[in-house]
Undergrad: 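Got a structure for you, written out below as structure tokens; questions coming shortly.
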Number of protein chains: 2
Amino acid sequence: MATKRAQMMEETRAKLIRAARQAFATKGYAAASMDDITAEAGLTRGALYHNFGGKKGLLQAVVDQIDQEMVTRMLAAQARAASRWDGLLEEGVAYIEMALEPEVQRIMLLDGPAVLGDPSQWPNQNACLQRTAQTIQALIDEGTVKPLDAEAAARLINGAALNAALWIAAADEPRAVLAKAVEAFRQLATGLLKPKGDAG
Amino acid sequence: MATKRAQMMEETRAKLIRAARQAFATKGYAAASMDDITAEAGLTRGALYHNFGGKKGLLQAVVDQIDQEMVTRMLAAQARAASRWDGLLEEGVAYIEMALEPEVQRIMLLDGPAVLGDPSQWPNQNACLQRTAQTIQALIDEGTVKPLDAEAAARLINGAALNAALWIAAADEPRAVLAKAVEAFRQLATGLLKPKGDAG
DNA sequence: GCTGACACATACGTGCTGTATGTCAATACA
DNA sequence: TGTATTGACATACAGCACGTATGTGTCAGC
């Protein structure tokens with residue numbers, strides 16, 4: 001195998017990402033020290049700088065990993081839905097529920113945008129958002145949704161879900177608030193629907 | 001006058017907030033050093049710690065000030081509208097437009113939540129959000145809007161506007177994107193409207 | 001088996017934050 | 001009016017974290 005070194009390197013990257021994910025989620029990006037992270041991974045800052053170029057690079061790697069996981073879950077949620085429209089709603093609800101997890105909230109919704117800038121500008125191009133935009137475009141094409149800019153609608157829908165999630169997570173009784181938020185989300189989303197019998 | 005010292009203190013607070021606002025907006029919270037800020041204000045870190053307790057306290061003060069300004073502008077936007085429903089839409093549009101300003105974006109939308117936590121937990125209680133919630137509650141009471149949780153709807157609407165703004169600000173042609181976003185926002189918001197002839 | 005390259009470790013300098021202490025002016029009081 | 005005390009602010013210091021520059025051991029190629 002000509003890949004022994006490459007394999008080792010993948011392993012160290014994985015260990016660093018794992019430790020960083022833990023530290024960023026619990027302490028936040030600013031308060032998480034690179035010495036602690038690398039020590040937790042059984043390494044030193046040398047490995048970190050070699051593999052990720054710096055602290056921001058490590059955060060980027062963590063963000064990319066979580067983003068991928070979120071897309072997977074959104075696809076699963078959509079696949080369970082009866083119709084494409086229901087699929088969009090389920091995606092949104094799945095997004096809200098994922099954002100309840102402290103890890104997602106802290107890293108993806110708070111520190112990520114603050115440190116790396118606007119999510120839509122991330123190298124990964126924010127796969128979650130693209131998923132939603134594609135679904136909305138399909139709904140426009142099939143005539144279910146009003147003919148408006150798919151990306152704009154996706155941003156608004158995702159933004160609504162995002163803020164709902166932040167609200168829920170900070171609430172005293174997350175479960176009760178979740179129900180209210182999901183209900184409001186479903187109602188709000190109907191604004192995108194084309195009125196019945198419209199010429200289109 | 002027993003207020004000479006108090007007056008001086010207000011002046012120093014104002015100077016520090018002004019300098020901090022400038023620095024936070026241009027360089028971001030993390031990259032803005034307290035030495036630079038206080039020097040710009042013609043003071044030292046001693047004054048800063050005495051008046052605001054630390055860097056986070058200073059950010060909080062800046063956030064509160066901007067929050068107040070935003071409420072003022074939202075009230076003005078609502079006042080110009082013909083109906084209460086239009087007022088809600090105009091508030092949203094005003095919010096989007098304000099979020100185009102780098103100062104608002106960087107401080108209120110990125111660094112603020114990341115450093116101080118969820119906006120709804122801020123001491124000031126996020127006046128912008130409360131405004132929107134009040135307006136929606138009034139619309140529910142008058143029968144224009146479906147009977148749902150006003151706070152939930154406000155969070156979703158504000159979140160949608162917020163993300164639209166982040167998107168616009170990062171776009172190559174902000175003006176063109178603004179038009180698309182505002183249109184999508186207006187359409188989305190109709191999801192809150194009660195269907196005509198509904199019993200309510 | 002030797003050499004070059006690469007992955008990672010170690011050491012050091014710099015800058016920033018927070019605190020502890022000092023100083024001077026303004027108020028209160030006699 | 002003179003003095004004591006409070007409080008606003010300045011200064012000095014310690015600790016920590018980041019980034020870089022340099023060193024070291026191990027793996028592929030000839």
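Each chain gets a letter, A, B and so on, in the order its sequence line appears, and its residues count up from 1.
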Undergrad: Measure from CG on A:Leu16 to C1' on C:dA7 and round the result to the nearest Å.
TA: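 Roughly 12 Å, once rounded to whole Å.
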Undergrad: Within the 4.5 Å heavy-atom criterion, are A:Phe24 and A:Asp111 side-chain neighbours or not?
TA: no
Undergrad: Between the side chains of A:Thr190 and A:Arg186, is a donor N or O closer than 3.5 angstrom to an acceptor N or O?
TA: no
Undergrad: Measure the distance from CD on A:Glu10 to C1' on C:dA7 and round it to the nearest whole Å.
TA: 13 Å
Undergrad: Calculate the interatomic distance between A:Leu48 atom CG and C:dA9 atom P; express it in whole Å.
TA: 10 Å
Undergrad: Phosphate oxygens OP1/OP2 of C:dC8: is one of them under 4.0 Å from a side-chain N or O of A:His50?
TA: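 No, because none of the side-chain N or O atoms of A:His50 sits under 4.0 Å from OP1 or OP2 of C:dC8.
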Undergrad: Output the rounded distance in Å from CE (B:Met8) to P (D:dC9).
TA: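 Rounded to whole Å, this separation is 7 Å.
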Undergrad: Under a plain distance cut-off of 3.5 Å, with no hydrogens placed, do B:Asp64 and B:Gln60 share a side-chain donor-acceptor pair?
TA: yes
Undergrad: Tell me whether the side-chain N/O atoms of B:Thr12 come closer than 4.0 Å to OP1 or OP2 in D:dC9.
TA: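 So the side-chain polar atoms of B:Thr12 do come within 4.0 Å of the phosphate oxygens OP1 or OP2 of D:dC9, strictly under.
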Undergrad: Once salt bridge (Lys or Arg N to Asp or Glu O under 4.0 Å) is applied, what residue pairs with a partner in residues 171-183 of chain A remain, sequence neighbours excluded?
TA: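 The answer is A:Lys180-B:Asp149.
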Undergrad: Mind checking which stems touch DNA chain D? I mean at least 3 consecutive Watson-Crick or G-U pairs, both distances under 3.5 Å.
TA: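 Expected stems, ordered by start: C:1-30 with D:1-30.
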Undergrad: In terms of side-chain heavy atoms of B:Asn51, which of C:dC8, D:dC9, C:dG18 is nearest?
TA: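 The nucleotide sitting nearest to the side chain is D:dC9.
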Undergrad: Any carboxylate oxygen within less than 4.0 angstrom of a Lys/Arg side-chain nitrogen, looking at B:Arg21 and B:Glu69?
TA: yes
Undergrad: CG of B:Leu58 versus P of C:dG18: gap in Å, rounded?
TA: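 Answer to the nearest Å: 11 Å.
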Undergrad: Scan nucleotides 11-17 of chain D nucleotide by nucleotide, 5' to 3', and note B when protein non-hydrogen atoms come under 4.0 Å of the base, S if they reach only the sugar-phosphate, - if neither.
TA: BB----S
Undergrad: B:Ile37 has an atom CD1; how far is it from atom C1' of C:dC16, in whole Å?
TA: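 Whole-Å distance recorded here is 12 Å.
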Undergrad: In whole angstrom, what separates A:Arg13's CZ from C:dC8's C1'?
TA: 14 Å
Undergrad: Between the side chain of A:Arg13 and the main-chain N/O of A:Asn51, is any donor-acceptor distance below 3.5 Å?
TA: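 It does hold such a pair.
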Undergrad: Rounded to the nearest angstrom, tell me the gap between atom OH in A:Tyr49 and atom P in C:dT10.
TA: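 Between P of C:dT10 and OH of A:Tyr49: 16 Å.
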Undergrad: Salt bridge check: are B:Glu40 and B:Lys27 linked by an N-O gap of less than 4.0 Å?
TA: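 No, B:Glu40 and B:Lys27 are not salt-bridged.
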Undergrad: Any carboxylate oxygen within less than 4.0 angstrom of a Lys/Arg side-chain nitrogen, looking at A:Arg80 and A:Glu90?
TA: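 Not counted as a salt bridge, because no side-chain N and carboxylate O are separated by less than 4.0 Å.
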Undergrad: So if I apply the side-chain contact (heavy atoms from CB on, under 4.5 Å) rule between B:Leu48 and each of B:Asp35, B:Thr12, B:Leu43, B:Thr38, which one comes out positive?
TA: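 In the set B:Asp35, B:Thr12, B:Leu43, B:Thr38, the residue that makes a side-chain contact (heavy atoms from CB on, under 4.5 Å) with B:Leu48 is B:Thr38.
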